[in-house]
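Working notes, beginning with the structure itself.
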Number of protein chains: 2
Amino acid sequence: MIRVMIADDHQLFAEGLSRALNGIPDTRVVGVVDSGDALAEALENQPAEVCIVDIEMPDGDGIEAISGLDSRFRSIVVSMHASDEQKARAKDAGAMGFFSKGVPLATLAAAIRAVAGGEMLIDYDDSARDEVLGRFMSAKLDPGAEALTPREVELLQLLASGVSATDELAERLYISQKTVKNHLASIFQKLAVADRTQAAIEAIRLGFANPQ
Amino acid sequence: MIRVMIADDHQLFAEGLSRALNGIPDTRVVGVVDSGDALAEALENQPAEVCIVDIEMPDGDGIEAISGLDSRFRSIVVSMHASDEQKARAKDAGAMGFFSKGVPLATLAAAIRAVAGGEMLIDYDDSARDEVLGRFMSAKLDPGAEALTPREVELLQLLASGVSATDELAERLYISQKTVKNHLASIFQKLAVADRTQAAIEAIRLGFANPQ
DNA sequence: GCGCGATTGGGCCACTAGACCCATCTCAAA
DNA sequence: TTTGAGATGGGTCTAGTGGCCCAATCGCGC
């Protein structure tokens, strides 16, 4: 679990990103602040491995804020209007990553994992960076969750979306009720849960629930 | 349930906002597009009551996009750098709401409810608008969910946190297993679900799960 | 006081879920 | 080619679930 602190004065963005990252199994947002000055203060009370810092903020520019941070706090700078000189400033200030707000969530999540693992993403050029990020794309799931087979994942998604009855699961997957129960038994063991209710909850927590 | 379509080219923002709104019981994001041109197209296949539209977008400015929309699709314009001139343009184009991206999520959620209910938020001045929004601040739960008794909510929270076995629920609540089953039966009816798995999923969706 | 809903229980019963065995088939990797 | 994992099934059994009755107690408001 990587603890993340967000510094951004646009609340819609910060709250949305916070919820999005909390929906990813291995990242957890432990705090949101709306100015550069508040960042260092928040980190004293609530340590975090990675900070997501916006450049454009009142009361303490984001880049100034991270230049004053303890080096054990790693930072990723995000900007609405990303430019090369902003990137250079971010690098000088000690940021380990630099992204436009136009990147997909999955990319930022990968960057968080990479930075938490010590990668200086900001040193790479674009293609090299993407190669590195590719290695961090998949969320490190619980040991049990990654052992799930494709078919088990399929069943789990259905379960997490509210299809709980054996006969309905069987219909949806074009298999017999018996096979549904066999898959479920295997899922229970891998997720270390006792019944389909706990499996569904765990599936939602792990992000297996497909939205809509 | 208010269906929401998001048009924003900043994926981090759009994905974050999408997840945030889906976490609110009475709003559901049914689509995300990254340009003004794609908005009208998406609405044909997937109708929505309210559109959240960013101004700054490539391939079709957000304001141009909503001016061409059918009037049954109501729009709220959000902007990174909100100005009076932008607000006037949004109003002329038929937007029913106008907000900076700096507003809290709860405000936008209230605005979505207000606009879905036909309020022309954009016509009010700031103080009058906040007064109107205040009336829409609380999420309207599903009719069934608000009929839940305190004890039923307590049980549902436990269930949503993974306590699925009858005997454990009984222990935690200091009541007999029989009473647990009675409460569950009542919950099933009120939430219109069939079993505890669906009840747990619905409880999580409704925000009854207490995190951590 | 009187009703009403919430909370707490009981009994009964059909059905289901989950645990434990097992077999077959396919496909890809070694 | 053989081995192993995955997917598909079967049978059986016990404990548990959920549906449907019912009743006593306790507050709270009318």
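Order of the sequence lines fixes the chain letters, A, B, ..., with proteins taken first and strands second; residue numbering starts at 1 for each chain.
- For the contact set between residues 165-173 of chain A and DNA chain D, defined by any heavy atom under 4.0 Å, there are no members.
- Put simply, A:Thr149 has a side-chain N or O that comes within less than 4.0 Å of OP1 or OP2 on D:dA7.
- Residues passing the side-chain contact (heavy atoms from CB on, under 4.5 Å) test with A:Ala38, sequence neighbours excluded: A:Val33, A:Ser35.
- The span of DNA chain C lying next to chain B, judged by atoms under 4.0 Å from heavy atoms, is bounded 5' to 3' by C:dA6 to C:dG11.
- For the side-chain hydrogen bond (donor to acceptor under 3.5 Å, both in side chains) condition, the pairs that include at least one residue of residues 5-16 of chain A, sequence neighbours left out, are A:Asp8-A:Lys101.
- The side-chain hydrogen bond (donor to acceptor under 3.5 Å, both in side chains) search around B:Asn45 returns none, not counting sequence neighbours.
- Looking at A:Glu202 and A:Thr197, their side chains never come closer than 4.5 Å, going by heavy atoms from C-beta outward.
- A donor-acceptor pair is defined here as one N or O able to donate and one able to accept, closer than 3.5 Å; no such pair exists between the side chain of A:Arg129 and the backbone of A:Leu121.
- Whole-Å rounding puts the A:Glu152 CD to D:dA5 P distance at 13 Å.
- The list of salt bridge (charged side-chain N to carboxylate O under 4.0 Å, His left out) pairs with a residue in residues 30-46 of chain B, not counting sequence neighbours, is empty.
- When the salt bridge (Lys or Arg N to Asp or Glu O under 4.0 Å) test is applied to B:Glu56, no partner is found at least two apart in sequence or on another chain.
- Side-chain N/O atoms of B:Tyr124 and B:Glu131 include no donor and acceptor closer than 3.5 Å.
- Applying the salt bridge (Lys or Arg N to Asp or Glu O under 4.0 Å) rule to B:Lys87 yields no partners; only residues at least two apart in sequence or on another chain are considered.
- Legend: side-chain hydrogen bond (donor to acceptor under 3.5 Å, both in side chains) pairs involving residues 169-178 of chain B, not counting sequence neighbours, sorted by first then second residue: B:Ser176-B:Thr179.
- Rounded to 10 degrees, the angle separating the terminal axes of the helix from C:dG1-D:dC30 to C:dA30-D:dT1 is 50°, with each axis obtained from five end pairs.
- Scanning for salt bridge (Lys or Arg N to Asp or Glu O under 4.0 Å) contacts around B:Asp195 gives an empty result, with sequence neighbours left out.
- Applying the salt bridge (charged side-chain N to carboxylate O under 4.0 Å, His left out) test between A:Glu119 and each of A:Arg74, A:Arg113, A:Arg135 identifies A:Arg135 as the sole match.
- Distance alone, capped at 3.5 Å, places no donor-acceptor pair between the A:Asp70 side chain and the A:Phe73 backbone.
- Look at CD on A:Glu154: it is 11 Å from C1' on D:dA7, rounded to the nearest Å.
- Across residues 174-185 of chain A, A:Ile175, A:Ser176, A:Lys178, A:Thr179, A:Asn182, A:His183 each have a non-hydrogen atom less than 4.0 Å from an atom of DNA chain D (numbered order).
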